[in-house]
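Everything on this sheet refers to the single structure shown next.
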Number of protein chains: 2
Amino acid sequence: MARQPTSGERPTVKDVAASSGVSATTVSRVLAGNYPVSAETRARVMKAVRELDYVINAQARALGGGGTKTVAFIVHDLVGPAFAYVGQGVEQQATAEGRLCLVCTSHGDPDRELEIVELMREQQAEAVVLVGGGSGNRSYVDRLTQAARALDKSGSRLVLCGRPPLGTDAPATVVEYDNEGGAYAMTSYLISLGHRDIAFLGAGEAGHSTVDGRLRGFERAHEAHHLPMTSHRTSAVTFDRESGYQATRELLARDRKFTAIFAATDVVASGVLVALREAGLRVPEDVSLVGYDDIPLARDLTPELTTVHVDYEELGRTAVRHALNRERHALSQHTMIGTHVIIRDSAGPPPSP
Amino acid sequence: MARQPTSGERPTVKDVAASSGVSATTVSRVLAGNYPVSAETRARVMKAVRELDYVINAQARALGGGGTKTVAFIVHDLVGPAFAYVGQGVEQQATAEGRLCLVCTSHGDPDRELEIVELMREQQAEAVVLVGGGSGNRSYVDRLTQAARALDKSGSRLVLCGRPPLGTDAPATVVEYDNEGGAYAMTSYLISLGHRDIAFLGAGEAGHSTVDGRLRGFERAHEAHHLPMTSHRTSAVTFDRESGYQATRELLARDRKFTAIFAATDVVASGVLVALREAGLRVPEDVSLVGYDDIPLARDLTPELTTVHVDYEELGRTAVRHALNRERHALSQHTMIGTHVIIRDSAGPPPSP
DNA sequence: TTGTAGGCGTTATCAC
DNA sequence: GTGATAACGCCTACAA
């Protein structure tokens with residue numbers, strides 16, 4: 001008589017085997033489909049599978065061999081629009097390559113981030129994608145390098161997505177986008193419109209790779225055009241709307257000479273816009289405003305925001321693709337994704353004096 | 001001599017045991033910390049753990065007993081703001097309860113959704129959270145009910161987050177928010193402002209639980225105030241900005257009597273706003289506009305959008321909390337989260353005739 | 001306090 | 001084509 005699994009218990013290959021009168025090995029072969037099995041046997045097994053509503057145990061499979069078919073991505077939080085798009089890309093590519101996706105949020109805490117990497121090593125994730133700019137702090141970079149080596153040793157791969165490489169001796173895959181180039185192009189655009197006094201509102205602490213790159217592009221453009229620079233960094237540590245609002249108010253209180261504002265992100269720009277409007281300043285007639293990221297919000301602002309486009313979804317896809325299909329023994333990989341200016345309505349010529 | 005694991009291989013408890021001169025069991029006990037071990041032994045073991053850079057194998061642990069400590073959430077996509085917030089809540093609560101989070105996207109495809117539920121059963125996820133409104137299609141509901149039973153049998157739990165229960169005999173946890181109540185309150189608000197001809201722009205096919213609920217609230221408010229209703233549903237199947245834009249253009253082409261528009265979502269409202277502005281209509285002077293969801297976008301529109309607030313993050317948290325800490329043998333659970341009107345600047349009295 | 005034996009569900013290996 | 005058997009790495013009895 002076919003063995004009936006205890007009700008309320010999950011059936012196993014053994015149950016299927018018993019129920020279809022074959023060995024567990026044969027059941028495994030039918031399911032894997034990578035080994036010759038007679039058509040008749042296959043049919044019997046499949047019937048039992050359906051009747052028992054059997055599904056394989058992924059943990060057991062991973063243990064026996066085969067690996068976990070899992071990719072992890074670690075992100076500050078899921079609600080930042082840019083993060084969400086990267087996540088979307090990661091999930092998409094992971095699914096396309098037959099992998100499942102683990103998500104974790106670090107809320108920007110480096111210690112938590114390293115903890116999570118450790119957790120992912122326990123989980124045997126095939127790739128660990130770290131999303132978002134990170135700190136350049138020395139001890140942090142060292143610990144991350146060590147984590148990269150540990151992952152490498154267990155056949156996994158650390159991927160840095162949207163931040164610079166750790167060093168050439170760290171086994172990691174890096175997929176960046178061109179913060180500096182985009183900021184350079186945007187600044188040049190403003191200069192070409194006639195602006196000579198541009199305020200850069202870069203929220204966040206120094207040493208943060210993303211803002212640093214953008215600021216560098218801003219500076220380089222000034223140098224290239226032989227222009228003095230009036231950069232205005234704020235002490236805010238977040239990239240949110242509120243910090244853009246506050247920074248603009250402070251700026252307006254102490255300096256009204258600038259004719260354009262370059263906000264470090266679109267979200268910051270949305271806060272800037274509110275402050276400008278409250279001060280009775282029109283955009284772009286009185287002051288031009290540009291952002292960075294080109295998230296959907298950019299088109300919802302009034303006026304629609306001129307900004308730098310970054311293909312975040314592609315960033316995520318590339319990260320997974322490279323991590324999973326890299327050349328054997330290629331120690332480090334590095335890809336740079338281009339960015340470009342999207343001209344909308346928030347920037348124009350400076351007001352005539 | 002202590003056994004050195006082959007370089008490039010992951011160390012196991014055995015390696016740690018050999019390296020510290022104790023048995024594998026003792027290592028396990030030290031790591032679990034739930035069993036008395038002499039201080040000296042513990043120290044030796046921990047030292048070996050550090051030296052070998054050992055981490056436990058989560059798959060093996062799950063297999064031996066203990067379970068996977070994993071929660072899955074399935075969502076249309078990660079970039080919709082509402083979805084992102086629910087995901088944030090799910091991840092947050094999962095982490096708080098010591099679980100890891102698997103994400104999958106279904107892109108609104110019911111078949112894919114059921115496939116994913118199956119995958120999660122293989123993964124032994126402790127809870128499977130289905131996020132977002134779903135179709136009321138009979139065969140779909142039946143298959144989902146069957147999936148719920150299958151999950152229940154393996155000790156897991158299906159959670160419906162933001163959609164109505166499958167039926168009282170399905171072992172599932174449901175966490176909804178009050179679509180009908182919020183729409184009722186908002187419609188009443190518009191009526192109290194003096195509006196008598198309100199267009200409801202509900203993108204999406206009939207049978208979609210979220211829109212249906214909102215439309216029901218819209219209708220009930222009209223009934224309660226003894227007002228005839230002029231509902232306008234569009235044929236668009238998406239909830240995006242574009243569908244709001246198109247729907248509004250069609251609406252304007254055939255009917256200009258309405259004095260207010262109730263958009264099914266904030267994102268739809270953003271498209272409506274563009275179309276209105278293009279037509280030279282001022283908001284709220286010429287026509288009032290309200291939305292639903294209260295995503296950050298609502299505050300970035302000009303004028304800031306009057307809308308219905310939904311605490312999506314709490315929705316996600318509640319989903320996980322209930323799934324993990326339910327009473328034993330409670331077949332079905334049902335929670336409703338409240339919604340409320342947020343008054344901003346996009347709705348006012350109708351223009352005097 | 002510590003060690004030994006067996007099992008979790010699957011797949012790889014080796015026989016038949 | 002099919003079936004036993006031994007891993008995989010951990011944990012929970014049961015002994016000592």
Side-chain angles (χ1 to χ4, degrees), chain A residues 3 5-6 9-46 48-49 52-70 121-124 153-155, chain B residues 3 5-6 9-46 48-49 52-70 119 121-124 153-156:
Chain A
R3 167 184 169 195
T6 316
E9 294 271 316
R10 212 183 144 98
T12 74
V13 266
K14 275 185 189 156
D15 298 313
V16 176
S19 165
S20 51
V22 297
S23 75
T25 308
T26 302
V27 173
S28 174
R29 294 207 260 249
V30 169
L31 263 29
N34 51 6
Y35 216 82
V37 175
S38 87
E40 194 240 348
T41 304
R42 154 171 287 109
R44 278 222 313 287
V45 170
M46 290 312 288
V49 165
L52 297 176
D53 201 11
Y54 167 85
V55 289
I56 204 170
N57 180 323
Q59 269 69 38
R61 197 227 297 272
L63 190 55
T68 57
K69 301 298 181 197
T70 290
R121 196 147 69 95
E122 296 183 0
Q123 293 292 327
Q124 316 254 73
K153 215 152 66 177
S154 20
Chain B
R3 169 184 167 193
T6 315
E9 294 271 316
R10 216 184 140 96
T12 74
V13 267
K14 274 184 190 157
D15 298 314
V16 176
S19 165
S20 52
V22 298
S23 75
T25 308
T26 301
V27 174
S28 174
R29 295 208 258 249
V30 169
L31 263 28
N34 52 6
Y35 217 82
V37 176
S38 87
E40 194 240 348
T41 305
R42 152 170 289 109
R44 280 223 311 289
V45 169
M46 291 311 288
V49 165
L52 296 176
D53 203 9
Y54 167 85
V55 289
I56 205 171
N57 180 324
Q59 270 68 40
R61 196 228 295 275
L63 191 55
T68 58
K69 302 296 181 197
T70 289
L119 274 178
R121 195 146 68 94
E122 296 182 359
Q123 293 292 327
Q124 316 254 72
K153 216 153 63 177
S154 19
S156 179

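Letters A, B, ... mirror the listed sequences (proteins, then strands); counts begin at 1.
- Between dG3(C), dG3(D), dT12(D), one nucleotide has an atom nearer to the side chain of T26(B) than all others, and that is dG3(C).
- In terms of heavy atoms, L52(A) sits closest to P11(A) at O-CG, 3.5 Å.
- Whole-Å rounding puts the Y54(A) OH to dG9(C) P distance at 10 Å.
- Where A32(B) and V22(A) each meet DNA chain D at their nearest nucleotide, the meeting point lying more 5' is that of V22(A).
- Across the protein-nucleic acid pair, Y35(A) atom OH and dC14(C) atom P stand 11 Å apart, rounded to whole Å.
- Computed from coordinates, the N57(B) CG to dC8(D) P distance equals 12 Å when rounded to whole Å.
- Going from atom CD of Q124(A) over to atom P of dC8(D) covers 14 Å, rounded to whole Å.
- The residue among A60(B) and T41(B) whose nearest nucleotide of DNA chain C lies closer to the 5′ end is T41(B).
- R29(A) has its CZ atom 6 Å from the C1' atom of dT2(D), to the nearest Å.
- Here the P atom of nucleotide dC8(C) and the CZ atom of R10(A) are 14 Å apart, to the nearest Å.
- Among residues two or more places apart in sequence or in another chain, the side chain to side chain contact (heavy atoms under 4.5 Å, CB included) test is passed with T41(B) by V22(B), T26(B), V37(B), S38(B), V45(B).
- Annotation: side chain of S156(B) is not in contact with side chain of R121(B) (no heavy-atom distance under 4.5 Å).
- Listed here is the closest heavy atom pair of R42(B) and V30(B): CA-CG2, 4.1 Å.
- Residue S38(A) is classed as a sugar-phosphate contact, given heavy-atom separations below 4.0 Å to backbone atoms only.
- Distance from the side chain of L63(A) is smallest to dC8(D) among dC8(C), dT13(C), dC8(D).
- A straight line from NZ of K14(A) to C1' of dT5(D) spans 12 Å, rounded to a whole angstrom.
- Atom pair R42(A):CZ and dT2(D):C1' shows a separation of 13 Å (rounding to whole Å applied).
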